[in-house]
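Only one structure is covered here, and it is reproduced in the block below.
Not measured: the values here are computed from a predicted model.
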Amino acid sequence: MKKIFEKIVEGILACSGFVTSLTIVLIVLFLFSEALGLFSSKVIEEGYVLALNKDNRVSELTPAQIKNVFDEEVTNWKEVGGENLPIRLFRLEDITRYYTEEELGAAYENAGICITKLVEQTPGIIAFVPAQFIVRPDSVHLLKDHTISAKDVFAGAEWFPTATPAPQFGFLPLITGTLWVSLFAILIALPFGLAVAIYMSEVANPKIRNLMKPVIELLSGIPSVVYGFFGLIVIVPFIQKAFDLPVGESGLAGSIVLAIMALPTIITVTEDAMRNCPRAMREASLALGASQWQTIYKVVIPYSISGITSGVVLGIGRAVGETMAVLMVTGNAAVIPHTILEPLRTIPATIAAELGEAPAGGPHYEALFLLGVVLFFISLLINFTVEAVSARQK
């Protein structure tokens, strides 16, 4: 009977492990399936075209060039490989500047004819209109519409997913913002976390340790939005005054908040790993004439390096994946940061802020899922790197 019971328990545990692993695999596959559709989407907004005069020799424009044209940063066709001719922008809402209501019709039934005629007669025009409003496609020149390329996504320097006529899905500002904030958060948290862990494990008397440990563990249970409020009310104004900045929302504010949030994890895991160092090893080191600090540096830390590494990995994971607190204190600016004192935006903050507004199944929606894939690979790379370092040190 006992053996049967053990077999049943073993089967339940095996099934639980299998179901958990399968769930994780399915989540990852779902993430990839939703994300990869971005590269089959067109650059120009679905259902619209960019129509040019028949004599215009420009046949295609990059997403960045289209944005610059419609932002009026490029004002002559010569700047994009065409003739020396001023660019004239036309959007659908501009139609009343060219035609009266009588010409367009009571229900705008003549709008297609009027728009097509306008493009035919205006040499430097570029018209962003629905495809059905070009009633004579052979009489105008339509720009080629390519699918969104991996280069435009992963090397793009602008994140502007609601831009028209060509949304910008450049990941570079978001990736650099995430890595920038996470790097400084760990640089701040790791020395403090390691120092506190050494003090609690090797220096503090039992009464102080028993008092500090529950308090530190309690910090890890505080909701991230509370840390965000603390950063917004205390840290942001302090940074603004200390560095004489126009605004205090910056990467440094995000790094400090993330460092505070990562400290409980790093301290707890590191301290537990150090306390697991055998007493005999400490006594042997002291018997050979080593001081207490030499014993900590030469014996305890090398023996506990695997646990310390685990604490660092968990701390980095908390920093890389944090959403709400970072969203509140970093300024939420999707630009490539050049210093830690500039506003920026991270990948998790972008997903949290925009997923509810992105049309399901559209390019913006798929780009956010692709950001989730990038975040997954960043976390995976950090884990593999730290594990490799740990294995080498062993």
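Using modelled atom types, no side-chain atom of E158 and backbone atom of G156 make a donor-acceptor pair closer than 3.5 Å. Looking at D94, its side chain does come within 3.5 Å of a backbone N or O of R91 through a donor-acceptor pair. Checked by atom type and distance alone, the side chain of S224 never pairs as donor or acceptor with a backbone atom of M324 at under 3.5 Å. Without hydrogens or angle criteria, N332 side chain to L344 main chain gives no donor-acceptor distance under 3.5 Å. Checked by atom type and distance alone, the side chain of E366 pairs as donor or acceptor with a backbone atom of L38 at under 3.5 Å. No donor-acceptor distance shorter than 3.5 angstrom exists from the side chain of S304 to the backbone of G307, with no hydrogens or angles considered. Distance alone, capped at 3.5 Å, is enough to place a donor-acceptor pair between the K54 side chain and the D138 backbone. When atom types are taken as modelled, the side chain of N53 and the backbone of D55 share a donor-acceptor pair closer than 3.5 angstrom. When atom types are taken as modelled, the side chain of Q292 and the backbone of E202 share a donor-acceptor pair closer than 3.5 angstrom. The backbone N or O of R57 sits nowhere less than 3.5 Å from a side-chain atom of E83 that would complete a donor-acceptor pair.
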_Let's go through S250 and I340 carefully: what are the C-alpha distance in whole Å and the side-chain angles of both, what is the deciding distance for side chain to side chain contact (heavy atoms under 4.5 Å, CB included) to 0.1 Å, and is it a yes or a no?_
CA-CA 7 Å; S250 60; I340 195 63; over 6 Å; no
*asked:* Would F90 and F128 count as a ring-ring contact (aromatic ring centres under 6.0 Å, His included) here? Give the steps.
replied: CA-CA 6 Å; F90 178 84; F128 172 57; over 10 Å; no
_Chi angles and distances behind the side-chain hydrogen bond (donor to acceptor under 3.5 Å, both in side chains) call for Q294, S285_ = CA-CA 8 Å; Q294 287 174 327; S285 175; over 6 Å; no
*Applying side-chain hydrogen bond (donor to acceptor under 3.5 Å, both in side chains), run through E120 and S139 and close with a yes or a no.*
CA-CA 7 Å; E120 291 173 347; S139 64; 2.4 Å; yes
_One pair to check against side-chain hydrogen bond (donor to acceptor under 3.5 Å, both in side chains): T330 and E249. What are the steps and the verdict?_
CA-CA 5 Å; T330 55; E249 288 88 351; over 6 Å; no
*Would R88 and T122 satisfy side chain to side chain contact (heavy atoms under 4.5 Å, CB included), going step by step from the backbone distance to the final call?*
CA-CA 8 Å; R88 292 186 63 179; T122 311; 3.6 Å; yes
*So Y199 and I208, side chain to side chain contact (heavy atoms under 4.5 Å, CB included) or not? Walk me through it.*
CA-CA 10 Å; Y199 172 76; I208 295 178; 3.8 Å; yes
*Stepwise, does the side chain to side chain contact (heavy atoms under 4.5 Å, CB included) test hold for L29 with L31?*
CA-CA 5 Å; L29 289 177; L31 198 64; over 6 Å; no
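Exactly one residue among V129, I66, V69 makes a side chain to side chain contact (heavy atoms under 4.5 Å, CB included) with P165. That residue is I66. Between T270 and the choices L190, T309, L194, the side chain to side chain contact (heavy atoms under 4.5 Å, CB included) rule is met once, by L194. When V247, V234, L252 are each tested for a side chain to side chain contact (heavy atoms under 4.5 Å, CB included) with I239, only one passes: L252.
Using a 4.5 Å heavy-atom threshold, the side chains of I198 and I301 count as touching. Within the 4.5 Å cutoff, the side chain of P63 has heavy atoms near those of the Q168 side chain. V196 is listed as a side-chain neighbour of I216, based on a closest heavy-atom distance under 4.5 Å. Counting heavy atoms from C-beta outward, W77 and I126 have side chains that approach closer than 4.5 Å. Residues I188 and I260 fail the side-chain proximity criterion, which asks for heavy atoms closer than 4.5 Å. For the pair V257/V326, no side-chain contact is recorded, criterion being any heavy-atom separation below 4.5 Å from C-beta on. A 4.5 Å side-chain heavy-atom check between I113 and F133 finds every atom pair outside the cut-off. Residues T162 and E357 are not in side-chain contact: their nearest non-hydrogen atoms beyond the backbone lie 4.5 Å or more apart.
Taking 4.0 Å as the cut-off between side-chain N and carboxylate O, D272 and R275 do not count as a salt-bridged pair. Salt bridge absent: K42 and E46 never bring a charged side-chain N and a carboxylate O closer than 4.0 Å. Between R345 and E354 there is a salt bridge, since a side-chain N of the basic residue sits under 4.0 Å from a carboxylate O of the acidic one.
Among all heavy-atom pairs drawn from A189 and A259, the shortest one is CB-O, 3.7 Å. Taking each heavy atom of L232 and P237 in turn, the nearest pair found is O-CD, 3.4 Å. Contact detail for T178 and P348: the closest heavy-atom pair is OG1-CD, 4.2 Å. Nearest heavy-atom pair, L172 versus A157, reported as atom, atom and distance to 0.1 Å: CB-CA, 4.4 Å. Taking all atoms of both residues into account, the shortest heavy-atom contact from P343 to G331 is CB-CA, 4.1 Å. Taking all atoms of both residues into account, the shortest heavy-atom contact from L52 to V140 is O-CB, 3.6 Å.
Looking at residues two or more places apart in sequence or on another chain, you find a side chain to side chain contact (heavy atoms under 4.5 Å, CB included) between N84 and N76, K78. Under the ring pair (Phe, Tyr, Trp, His ring centres under 6.0 Å) criterion, F184 pairs with W180, not counting sequence neighbours. Applying the ring pair (Phe, Tyr, Trp, His ring centres under 6.0 Å) test to F18 and every residue at least two apart in sequence or in another chain returns nothing.
Linking ILVMFWY residues whenever their side-chain heavy atoms come closer than 4.5 Å, directly or via other members, leaves I256 and L183 in distinct clusters. In the hydrophobic clustering of this structure, V58 does not group with I134; members are Ile, Leu, Val, Met, Phe, Trp, Tyr whose side-chain heavy atoms approach within less than 4.5 Å, directly or through other members. Under the 4.5 Å side-chain heavy-atom criterion for ILVMFWY residues, a single connected hydrophobic cluster contains both M261 and M328. A continuous path of hydrophobic side-chain contacts links V373 to L375 [ILVMFWY only; heavy atoms under 4.5 Å]. Follow the hydrophobic side-chain contacts under 4.5 Å out from F154 and you reach L179 in the same cluster.
Atoms OG1 and CZ, on T147 and F39 in that order, are 9.5 Å from each other to the nearest 0.5 Å. Taking CD from E45 and CG from D145, the interatomic distance works out to 11.0 Å, rounded to the nearest 0.5 Å. For the atom pair F171 CZ and T176 OG1, the distance stands at 12.5 Å (nearest 0.5 Å). Note that CD1 of I95 is 8.0 Å distant from CG of L118, once rounded to the nearest 0.5 Å. In this structure, CD1 on I267 lies 12.5 Å from OG on S201, to the nearest 0.5 angstrom. The OG1 atom of T116 sits 11.5 Å away from the CG atom of N110 when rounded to the nearest 0.5 Å.
A distance of 6.0 Å or more separates the ring centres of F160 and F169.
Note: F377 and F32 have perpendicular aromatic rings, judged against thresholds of 30 and 60 degrees for the angle between ring planes.
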